[in-house]
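Working notes, structure below.
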Amino acid sequence: MTAPTPPRTLSTAETAAQEAALASARAAQQAFVARYLCDLPAGLAPAFRFDPHG
Amino acid sequence: MVDAAALTLSQALVALRSGAVDAQGLTAACLQTIEERDSRINAFVHVDAQSALAQARRLDHARARGAAMGPLFGIPVAVKDIIDISGQPTLCHSAVADRVPAQKDAQVVARLRAAGAVIIGKTALHEYATGGPSFDLPWLPARNPWNTDHHPGGSSSGSGAAVAAGMVPAALGTDTAGSVRHPATACGIVGLKPTYDAVSRDGVFPLSWSLDHVGPLARSVADLARLFDVMRAPNVDFDLRMALTPAPLQGCRLGVIEGFSEKAEPGTIAAFQRVLDVLRDLGATLVPLQMPPLEAFTGCGRLILQAESYAIHRTALDSRAADFGARARHRLISGAALSAADYIDSQRLRRELTDRTRAALASVEAALCLSSLVPPCRIDDPGAIAATYDLQARTPFNLTGHARACLADGPE
């Protein structure tokens with residue numbers, strides 16, 4: 001029996017691109033959190049199930 | 001042989017019922033059109049011609065023995081390759097996906113089959129329904145049949161392209177942030193994102209549990225109604241006869257969400273205005289609707305999608321990151337940076353946005369807004385591709401769960 005081929009790892013360039021993408025996404029997330037999520041009223045409960053017609 | 005490209009689903013049903021064509025003839029015509037056109041469009045990742053012809057033959061034989069014809073008797077339907085078809089692997093356009101064949105049809109596919117549809121093959125998508133058109137995957141991305149240099153929309157790209165190119169009269173897609181409506185818009189056909197939970201997601205690989213919807217793409221609104229009538233869950237009320245009966249617009253109150261058009265290109269706004277003018281001329285009363293800003297919806301949807309999709313894929317991202325295409329990997333990994341509080345607060349904002357949307361819609365019978373704010377971009381322009389997923393007004397209704405159909409405005 002031959003050993004299974006180990007999964008390919010990301011190259012240095014791919015890792016750098018991924019880190020850049022993650023940093024960009026995080027910046028956008030933080031901007032959205034600051035603008036829309038920081039001042040939600042405490043009494044507002046999350047919606048996990050949705051009936052759009054109430 | 002019937003010119004499959006010329007028939008809508010509703011027209012094909014008339015031809016089938018009149019005997020002008022049988023199920024085998026229509027299926028063969030679709031297979032021939034796929035053979036002729038798909039090498040340029042890449043709509044399909046797998047066409048099961050033998051199985052499709054066998055399904056059609058069984059339908060024709062059953063009819064010859066006097067069996068009742070189902071509501072979609074003999075209609076070839078393509079299925080996005082994120083939805084299970086019994087005996088075929090669900091590959092999600094990814095090298096990462098499990099190669100084991102599905103043991104049974106997804107519930108929505110089973111409903112179509114029971115109604116007499118012929119399942120003809122699997123269509124291309126963005127990897128795991130996210131990212132964008134990619135050239136580093138086992139299959140090429142689907143292209144827009146109107147101009148193959150252009151993006152067909154996504155993530156249900158192949159389903160939109162296959163219907164628009166006349167390869168099939170109907171296809172299934174999934175829609176988490178607009179993925180049925182984007183290809184319908186970009187390819188000039190029609191698509192429906194039904195109300196949340198109205199169509200079962202059983203047997204559909206998830207992208208984001210609380211945002212995912214399954215919907216049909218076709219070439220006429222009547223076709224969408226016929227498909228939805230079969231696809232819907234048993235507890236969902238729908239009156240097909242009423243849906244197919246033209247109703248006067250005189251006195252009908254239609255909401256217009258103009259705020260969602262703020263970043264639209266002038267040509268797109270002009271096309272929307274033409275549609276509004278037609279509706280006004282037909283007697284509708286157009287009512288401006290005040291809604292929260294589009295960016296609140298799209299940002300909220302993005303955070304929820306990022307968190308839920310990262311939860312689904314994080315094990316594979318840890319162990320097989322290099323097997324993902326770069327676009328999907330970058331999208332999926334973005335959820336790693338979110339906190340639990342970010343996710344919960346997004347769901348809290350979602351409740352507020354849903355409540356405000358429901359209140360805005362309470363005074364009208366239906367509402368209109370743009371789908372895409374810009375025309376389809378080139379498929380080989382990474383900057384334009386990255387931007388196009390934010391230049392849309394589709395995500396709001398994934399958040400709120402409201403049904404939304406996407407209709408094409410014809411060229412001038």
Side-chain angles (χ1 to χ4, degrees), chain A, chain B residues 96 195-198 209-211 292-293 295-300 302-303 306-307 316-317 319-324 326-327 329-339 341-355 357-359 361-362 386 390 397-403:
Chain A
M1 270 176 74
T2 54
T5 310
R8 184 175 79 81
T9 53
L10 293 176
S11 69
T12 305
E14 286 171 328
T15 302
Q18 179 167 307
E19 285 174 359
L22 188 55
S24 169
R26 187 58 192 146
Q29 289 164 356
Q30 286 173 335
F32 185 79
V33 169
R35 178 151 191 196
Y36 285 103
L37 301 185
C38 281
D39 297 320
L40 292 171
L44 181 65
F48 290 110
R49 298 291 300 172
F50 303 97
D51 176 0
H53 303 297
Chain B
V96 178
T195 302
Y196 185 74
D197 264 350
W209 300 282
S210 76
L211 296 169
E295 69 169 27
F297 287 98
T298 50
C300 184
R302 186 184 303 115
L303 259 63
Q306 287 172 340
L317 287 165
S319 60
R320 301 184 60 188
D323 290 340
F324 285 92
R327 278 191 200 282
R329 187 173 67 246
H330 294 171
R331 284 285 182 104
L332 292 169
I333 203 77
S334 60
L338 287 167
S339 70
D342 292 339
Y343 176 66
I344 289 172
D345 279 347
S346 298
Q347 294 285 15
R348 297 169 72 215
L349 176 61
R350 180 183 195 173
R351 165 159 291 189
E352 184 179 311
L353 294 171
T354 302
D355 288 347
T357 302
R358 189 185 301 141
L361 294 175
D390 279 342
F397 306 99
N398 294 85
L399 274 182
T400 68
H402 288 95

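As a basis for the values below, the full set of heavy atoms in this structure was taken, side chains included, without hydrogen atoms, waters or symmetry mates. The chains referred to below are lettered A, B, ... by the order of the sequence lines, with proteins before strands, and numbering in each begins at 1. These numbers were taken from a predicted model, which means no experiment stands behind them.
B/L303 touches chain A through its side chain: at least one heavy atom from C-beta onward sits under 4.5 Å away, while N, CA, C and O do not. Residue B/A326: no heavy atom, backbone or side chain, is found under 4.5 Å from chain A. For chain A, no part of B/P292 is nearby; none of its heavy atoms comes within less than 4.5 Å. With a 4.5 angstrom heavy-atom cutoff, A/A17 touches chain B via backbone and side-chain atoms both.
The shortest side-chain heavy-atom distance between B/Q306 and B/R302 falls under the 4.5 Å cut-off. Proximity of A/L40 to B/L349: side-chain heavy atoms (C-beta onward) are separated by under 4.5 Å at one or more points.
Here the side chain of B/S346 pairs a donor or acceptor atom with the backbone of B/D342 at under 3.5 angstrom.
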field: Stepwise side chain to side chain contact (heavy atoms under 4.5 Å, CB included) test for B/F297 and B/L353
entry: CA-CA 7 Å; B/F297 287 98; B/L353 294 171; 3.7 Å; yes

